[in-house]
Amino acid sequence: MTVAPRIRKNFHQYTTSSSGTVNLSWGLSLLLAANYSYGDAFFFASALGGTSINYNGQWADGYSYGGSLGTGYKLLEDLSISLTFASSGVYTDAAQGTLGSFNIFDEAKATYSLGMTYSF
């Protein structure tokens with residue numbers, strides 16, 4: 001199990017972008033992750049949520065989030081396969097605009113991945 005708060009500091013040459021928007025100065029997020037193995041099968045899940053602060057000291061209007069669920073199976077000592085389901089989105093306060101899709105796992109916007117890993 002992993003719980004990891006993260007802080008990111010950007011060092012832009014200019015505080016505004018070429019489109020006139022204020023660049024982000026700080027990124028704040030929290031990562032939660034868990035892994036579990038049962039025999040040759042393994043399962044994993046993760047969630048990441050966060051927000052930002054721009055160079056004017058204003059907090060972002062909402063929160064971004066992402067998450068994934070996956071399972072896999074160890075075929076041989078050095079070969080495994082996995083299936084992962086991932087989704088992400090943005091939640092914006094209704095007072096600031098429209099509500100984003102806050103379904104943690106939105107099947108319509110999800111990414112499905114099939115992987116094979118060879119370890120040597």
Side-chain angles (χ1 to χ4, degrees):
M1 178 117 179
T2 301
V3 176
R6 304 187 318 177
I7 298 174
R8 182 186 71 240
K9 172 66 175 136
N10 294 324
F11 297 95
H12 293 99
Q13 183 176 2
Y14 302 103
T15 58
T16 56
S17 68
S18 58
S19 64
T21 59
V22 180
N23 286 327
L24 300 179
S25 178
W26 292 92
L28 311 168
S29 59
L30 179 66
L31 171 67
L32 304 172
N35 300 304
Y36 178 75
S37 295
Y38 183 78
D40 288 336
F42 54 92
F43 310 90
F44 50 92
S46 68
L48 176 67
T51 190
S52 59
I53 303 170
N54 67 24
Y55 281 98
N56 290 342
Q58 295 174 321
W59 288 82
D61 291 339
Y63 301 92
S64 59
Y65 63 89
S68 65
L69 292 174
T71 187
Y73 190 80
K74 185 176 174 183
L75 300 170
L76 301 170
E77 185 63 31
D78 51 4
L79 183 67
S80 65
I81 59 170
S82 63
L83 177 64
T84 306
F85 173 73
S87 185
S88 63
V90 175
Y91 175 79
T92 304
D93 186 3
Q96 301 292 328
T98 60
L99 289 174
S101 170
F102 200 65
N103 296 329
I104 297 294
F105 293 106
D106 186 345
E107 293 177 12
K109 298 178 183 176
T111 301
Y112 300 86
S113 304
L114 179 62
M116 183 176 282
T117 303
Y118 176 75
S119 301
F120 53 92

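Source: prediction; values computed, not measured.
The line from OG of Ser113 to CG of Leu83 is 8.0 Å long, rounded to the nearest 0.5 Å. To the nearest 0.5 Å, the span separating CD1 on Ile7 from CG on Leu30 amounts to 11.0 Å. For the atom pair CZ (Arg8) and OG (Ser25), the distance works out to 10.0 Å, reported to the nearest 0.5 Å. Of the inter-residue distances, the one linking Lys9 atom NZ with Leu24 atom CG reads 10.5 Å to the nearest 0.5 angstrom. Here the OG1-CG distance, from Thr84 to Leu114, works out to 8.5 Å after rounding to the nearest 0.5 Å. Rounding to the nearest 0.5 angstrom, the gap separating the CG atom in Asn54 from the CG atom in Asn10 is 11.0 Å.
Residues Leu48 and Arg6 are in side-chain contact: their nearest non-hydrogen atoms beyond the backbone lie under 4.5 Å apart.
Applying the ring-ring contact (aromatic ring centres under 6.0 Å, His included) test to residues at least two apart or on different chains, the pairs with a partner in residues 36-64 are His12-Tyr55.
Annotation for Tyr118: hydrophobic cluster partners, listed by chain and number, are Tyr73, Leu75, Leu76, Leu79, Ile81, Met116, Phe120 (ILVMFWY side-chain heavy atoms under 4.5 Å, direct or chained). Taking Ile, Leu, Val, Met, Phe, Trp and Tyr as hydrophobic and joining them when side-chain heavy atoms fall under 4.5 Å apart, one finds Phe11 isolated, its cluster having no other members.
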